[in-house]
Amino acid sequence: MSTPARTGGPGGPATRRQVVAWGLWDWGSSGFNTVIVTFVFSVYLTSSVGEHLPGSVSASTWYGISVGIAGLLIAVLAPVTGQQGDAGGHRRRSLAVFSALITACIVGLFWVHDEPSYFVLGAALIGLGSVFFEIGAVFYNAMLRQISTPATIGRVSGFGWSMGYFGGIILLLFVYFGFISGDGAVQGFFGVSSEDAFNIRVVALVAAAWFGLFALPVLFAVPEIRPGPAQRRRGILAAYRLLFADIAVLWRTDRQAAVFLLASAVFRDGLAGVFHFGAILAGTVYGIAADQVLIFGVAANVTAALGAVGAGFLDDRFGPRRVIVGSLVGLLVSGTVLLFLSGPAAFWVFGLLLTLFVGPAQSASRTYLARSTPPGRESELFGLYATTGRAVSFLSPLLFALFAGVFAADRAGIVGILLVLAVGLVLVLPLRDPVDKAVPAGPVATDRH
């Protein structure tokens with residue numbers, strides 16, 4: 001896998017080493033996203049720890065509530081913390097703090113024993129980890145302009161996304177064959193005891209070490225930003241007043257960027273729905289066994305990573321809007337065909353085709369916003385990016401449940417996800433590619449207020 005060539009952003013020339021160090025944070029993030037949230041620990045928490053919770057509310061419902069609360073906290077905190085990071089000139093320090101908090105939450109999951117009384121602890125730790133991760137990602141995404149130029153930003157962004165996917169593949173295979181595969185009192189290549197789910201809890205420690213280790217390089221390789229002479233730190237209320245003022249200014253002065261924030265929030269929720277419900281549909285609709293679902297997850301990450309890398313070059317040549325539109329069209333066509341097919345073979349072919357378009361849409365969405373952002377305000381705008389995404393994060397789950405419930409079939413839930421993607425496409429179509437607002441190397445732009 002080749003890395004993008006030497007780049008240079010608003011903070012000065014960037015080296016190949018800095019680009020790789022930045023991408024390693026994405027690589028390490030698979031310790032949280034892939035292992036904890038998606039494939040291993042959340043499943044353990046809802047199906048085993050919470051299997052016999054008292055009352056009529058299921059573990060999955062309680063888990064969904066905890067994730068929803070986390071989403072509300074992210075929506076409230078992300079833009080203000082990002083704004084403070086830009087004004088205070090401590091983007092790298094903020095990323096270090098939130099990376100440490102994420103790692104601490106993952107470590108804490110080791111003490112979530114296989115008993116109902118530990119369910120609240122597990123759900124709270126994953127919820128808190130999600131809050132810390134999303135806020136940390138605000139500062140991480142904001143660094144994209146520091147290590148790229150208008151000519152390379154698409155490739156650098158695609159490289160980062162692909163590192164996340166490839167990291168997930170390697171780590172998922174390692175923990176599955178090392179600690180989870182097989183049956184009996186000991187499991188996996190390392191022969192770890194499965195009593196009280198000790199092997200699963202050890203996986204949490206492995207994921208924490210993975211994330212913590214690969215979060216370090218960017219903290220040493222990418223320099224801290226310096227605030228402009230007119231920038232200053234603000235109290236929380238003043239920060240919110242500035243936030244609302246910036247939203248109003250953005251709508252008046254750059255309506256295209258404002259509309260893109262809405263459009264990307266919608267289609268990114270559709271992209272999340274593809275992964276969130278893919279494993280459910282694989283088993284309930286297309287007849288894929290549980291162990292094969294895990295293998296499909298590995299293949300899906302490979303496909304998405306390759307798509308992100310390839311689309312990075314297309315992004316730099318044709319612009320992010322065309323990559324986003326092409327990806328959404330590909331997702332809609334593949335999903336519609338899959339809706340009318342049955343059997344494992346159909347899911348493998350068109351399911352993987354779906355994931356091929358997910359990575360490009362994610363990567364190009366990030367570069368579209370980065371190209372639209374004035375230097376010195378990247379964290380603030382990426383905070384808004386996180387907030388708008390969380391504001392509509394209910395769409396895919398709600399519409400999936402609505403269509404599946406009305407037609408009494410999980411297959412019909414696909415229509416709900418396709419509808420979200422279609423609305424996102426309609427919102428993107430009238431937009432133009434942004435004119436990159438990067439400035440030559442030198443001092444960061446001063447505060448407008």
Exercise. State, yes or no, whether a side-chain contact exists between Trp22 and Leu144 at a heavy-atom distance under 4.5 Å.
Key: yes

Exercise. Evaluate the criterion side chain to side chain contact (heavy atoms under 4.5 Å, CB included) for residue pair Trp210 and Ile170; output intermediate values, then yes/no.
Key: CA-CA 11 Å; Trp210 179 276; Ile170 300 299; 3.9 Å; yes

Practice problem: Starting from the C-alpha separation in whole Å, work towards a yes-or-no answer on side chain to side chain contact (heavy atoms under 4.5 Å, CB included) for Leu24 and Val218. | Solution: CA-CA 7 Å; Leu24 285 175; Val218 68; over 6 Å; no

Quiz item: In terms of heavy-atom contacts, does CZ of Arg321 have more than 12 from other residues, nucleotides or ligands at under 6.0 Å?
Solution: yes

Quiz item: Are any side-chain N or O atoms of Asp316 and backbone N or O atoms of Arg155, one a donor and one an acceptor, separated by less than 3.5 Å?
Solution: yes

Quiz item: Hey, is Asp196 close enough to Arg201 for a salt bridge, meaning N to O under 4.0 Å?
Solution: yes

Quiz prompt | Result of checking Leu356, Thr355, Leu353, Val349 against Ser334 for side-chain contact (heavy atoms from CB on, under 4.5 Å) | solution = Leu353

Exercise. Report yes if some heavy atom in the side chain of Val203 is under 4.5 Å from a heavy atom in the side chain of Phe41; otherwise report no.
Key: no

Self-check item: Non-hydrogen atoms of Arg92 and Met143 that approach each other most closely
Solution: CA-CE, 3.7 Å

Quiz prompt | Side chain to side chain, Val107 and Leu205, heavy atoms closer than 4.5 Å | solution = yes

Practice problem: Using the ring pair (Phe, Tyr, Trp, His ring centres under 6.0 Å) rule, pick out the option among Phe98, Tyr140, Trp25 that qualifies with Phe133. | Solution: Trp25

Quiz item: Counting distance only, does the side-chain N/O of Ser363 pair as donor-acceptor with the main-chain N or O of Gly359 below 3.5 Å?
Solution: no

Exercise. Under the side-chain contact (heavy atoms from CB on, under 4.5 Å) rule, collect the residues that match up with Arg317, sequence neighbours excluded.
Key: none

Exercise. Measure centre to centre between the rings of Phe296 and Trp348, then say whether the value is under 6.0 Å.
Key: yes

Quiz item: Would you say Leu427 and Phe267 make side-chain contact, with heavy atoms under 4.5 Å?
Solution: no

Exercise. Would you check if the side chain of Gln18 reaches a backbone N or O of Ile147 as a donor-acceptor pair within less than 3.5 Å?
Key: no

Quiz item: Between CD1 of Ile69 and OG of Ser130, what distance do you get to the nearest 0.5 Å?
Solution: 12.0 Å

Quiz item: Can any side-chain N or O of Arg366 pair as donor or acceptor with the backbone N or O of Asn141 at less than 3.5 Å?
Solution: no

Quiz item: Measuring from Asp114:CG to Phe198:CZ, what's the distance to the nearest 0.5 Å?
Solution: 14.0 Å

Practice problem: Step through the shown structure and confirm whether more than 12 heavy atoms of other residues, nucleotides or ligands are within 6.0 Å of CZ on Phe190. | Solution: yes

Quiz item: Backbone N or O of Leu261 within a donor-acceptor pair of the Ser264 side chain at under 3.5 Å?
Solution: yes

Self-check item: Closest non-hydrogen atom pair between Ser194 and Asn199, with its separation
Solution: CA-OD1, 3.6 Å

Quiz item: Of the non-hydrogen atoms in Leu45 and Ala123, which two are nearest, and what is the gap between them?
Solution: CD2-N, 3.6 Å

Practice problem: Find the distance between CZ (Arg432) and CD (Gln256) and round it off to the nearest 0.5 Å. | Solution: 4.5 Å

Self-check item: Rounded distance [0.5 Å steps], CG in Asp269 versus CD1 in Ile417
Solution: 9.5 Å

Quiz item: Heavy atoms, side chains only, cut-off 4.5 Å: are Val309 and Phe159 in contact?
Solution: no

Quiz item: Is the backbone of Gln362 close enough, under 3.5 Å, to the side chain of Ser365 for a donor and an acceptor to pair up by distance?
Solution: no

Quiz prompt | Any side-chain heavy-atom pair of Leu421 and Leu271 under 4.5 Å | solution = yes

Exercise. Could you tell me whether the side chain of Val37 reaches within less than 4.5 Å of the side chain of Ser42, counting heavy atoms only?
Key: no

Quiz prompt | Minimal non-hydrogen separation, Ala364 against Ile324, with atom names | solution = CB-CG1, 3.6 Å

Quiz item: Which pair of heavy atoms, one from Gly31 and one from Leu171, lies closest together, and at what distance?
Solution: CA-CD2, 3.4 Å

Self-check item: Phe119 CZ to Ser66 OG distance, which is reported to the nearest 0.5 Å
Solution: 6.5 Å

Quiz item: Passes side chain to side chain contact (heavy atoms under 4.5 Å, CB included), Leu431 versus Tyr368? Steps please.
Solution: CA-CA 11 Å; Leu431 299 178; Tyr368 190 107; 3.8 Å; yes

Exercise. For residues Phe166 and Leu306, determine if any side-chain heavy atom of one lies less than 4.5 Å from a side-chain heavy atom of the other.
Key: yes

Exercise. Any chance you could measure Thr103, atom OG1, to Phe132, atom CZ, to the nearest 0.5 Å?
Key: 11.5 Å

Quiz prompt | Non-hydrogen atoms of Val323 and Pro360 that approach each other most closely | solution = CG1-O, 3.8 Å

